[in-house]
Amino acid sequence: MEIKGSAVKSIPDYLKKHHPEKYNTWLESLPEKSRKIFQEPVLPSNWYPLQDAALIPTESLGQLIFSDAVKGAWQCGRFSAETALTGIYKFFVKAASPHFIIDRAGRIFTTYYQPCNMDVTEKGDNYVVLRITQFEEPSKLIEGRIGGWIERAMEIHGVAFVTVDITKSLTKGDPVTEILVKWGYEKN
């Protein structure tokens, strides 16, 4: 399975921005195959092996910074949304409906992971269910990255609160991963 370079690049970029003092420790903690990827410029348009370029580096980042790999993945996802949704894209996210954002996110994620299939399967007034039906290397870390990305994109949109819950997971033996996204505009 492969991951797009722009998603890979967000891992060291997150460290450099938020924890620069730990960057070298993180890089040295990686096995040779992973370290080599980050010693060269990560090209946003290239494809990289998921395990060496994302899963192992994210696991290391999460353990080093948060003592929790999934929390690290979630924060990397949030950072990735923040850096991707700038300029005209930020205007687009603020102008679009939450349903449209999640629908597009499902389509966009399939351009970052291959092979992968994600679709919106259910919509309500203040919720959407995103379903991942194909992902050759199921990973809580990738689910965390996606959850963090969606959470931050919805915050950028301007909702007052958002919750992102992974209600089913390929990593737990479920036939799909389902991500339930709920939001509101007023806090109760």
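Being a predicted model, the structure only gives us computed values, none of them experimental. Positions are given from 1, in the same order as the sequence printed here. These numbers come from the heavy atoms of this one structure, side chains and all, not from hydrogens, waters or symmetry mates.
Identified under the ring-ring contact (aromatic ring centres under 6.0 Å, His included) test for residues 37-65, with sequence neighbours left out: Trp26-Phe38. For residues 5-18, the set of pairs meeting the salt bridge (charged side-chain N to carboxylate O under 4.0 Å, His left out) definition, not counting sequence neighbours, comprises Lys9-Asp13.
Taking the six-membered ring where tryptophan is involved, the planes of Tyr14 and His19 are tilted, since the angle between them lies from 30° to 60°.
Residues passing the side chain to side chain contact (heavy atoms under 4.5 Å, CB included) test with Glu59, sequence neighbours excluded: Gln63, Ala69, Leu141.
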Verdict with supporting geometry, Glu143 and Lys140, salt bridge (charged side-chain N to carboxylate O under 4.0 Å, His left out): CA-CA 5 Å; Glu143 291 172 355; Lys140 289 181 181 182; over 6 Å; no
Starting from the C-alpha separation in whole Å, work towards a yes-or-no answer on side-chain contact (heavy atoms from CB on, under 4.5 Å) for Leu180 and Val128. CA-CA 6 Å; Leu180 173 62; Val128 169; over 6 Å; no
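The shortest heavy-atom contact between Gln114 and Met1 is O-CG, 3.4 Å. Of all non-hydrogen atoms in Pro57 and Ile11, the two that sit nearest each other are CB-CG2, 4.3 Å.
Between the Thr133 side chain and the Val176 main chain, no donor and acceptor come within less than 3.5 Å of each other. Counting only distance, with no hydrogens or angles, the side chain of Arg35 and the backbone of Leu30 share a donor-acceptor pair below 3.5 Å. Without hydrogens or angle criteria, Thr83 side chain to Ser80 main chain gives a donor-acceptor distance under 3.5 Å. A distance-only check finds no donor-acceptor pair linking the side chain of Ser60 to the backbone of Ser29 [under 3.5 Å]. Put simply, the side chain of Glu178 never gets that close to the backbone of Lys168: no donor and acceptor are under 3.5 Å apart. Counting only distance, with no hydrogens or angles, the side chain of Asp68 and the backbone of Val70 share a donor-acceptor pair below 3.5 Å.
With contacts defined as side-chain heavy-atom distances shorter than 4.5 Å, the pair Val129/Val120 does not qualify. Side-chain contact between Pro31 and Ile56 is present, with heavy atoms from C-beta onward closer than 4.5 Å. Within the 4.5 Å cutoff, the side chain of Phe161 has no heavy atoms near those of the Val159 side chain. For the pair Ile146/Ile179, a side-chain contact is recorded, criterion being any heavy-atom separation below 4.5 Å from C-beta on. Residues Trp183 and Thr163 form no side-chain contact, since every pair of their non-hydrogen atoms from C-beta on lies 4.5 Å or further apart. In this structure the side chain of Phe135 reaches within 4.5 angstrom of the side chain of Tyr113, judged on heavy atoms.
Under the 4.5 Å side-chain heavy-atom criterion for Ile, Leu, Val, Met, Phe, Trp and Tyr, Ile108 and Met154 are members of the same hydrophobic cluster. Side-chain heavy atoms closer than 4.5 Å link hydrophobic residues (I, L, V, M, F, W, Y) into clusters, and following such links, possibly through other members, connects Val8 to Ile65. One hydrophobic cluster holds both Val162 and Phe79 under the rule that ILVMFWY side chains link at heavy-atom gaps under 4.5 Å. Note on Leu27 and Leu15: same hydrophobic cluster, where clusters join Ile, Leu, Val, Met, Phe, Trp and Tyr whose side-chain heavy atoms are under 4.5 Å apart, directly or indirectly. Under the 4.5 Å side-chain heavy-atom criterion for grouping Ile, Leu, Val, Met, Phe, Trp and Tyr, Tyr23 is connected to Leu64 within one hydrophobic cluster.
For Asp165, the CG atom counts as densely surrounded, since its 6.0 Å shell holds more than 12 non-hydrogen atoms of other residues, nucleotides or ligands. The neighbour count for Glu21 CD, taken as heavy atoms of other residues, nucleotides or ligands under 6.0 Å away, is above 12.
Between Arg145 and Ser10, the side chains place a donor N or O and an acceptor N or O closer than 3.5 Å (distance only, hydrogens not considered). For the residue pair Ser169/Asp174, the side-chain donor-acceptor check at 3.5 Å is not satisfied.
Aromatic rings of Phe109 and Trp149 (six-membered ring for Trp) have centroids within the 6.0 Å cut-off, being under it.
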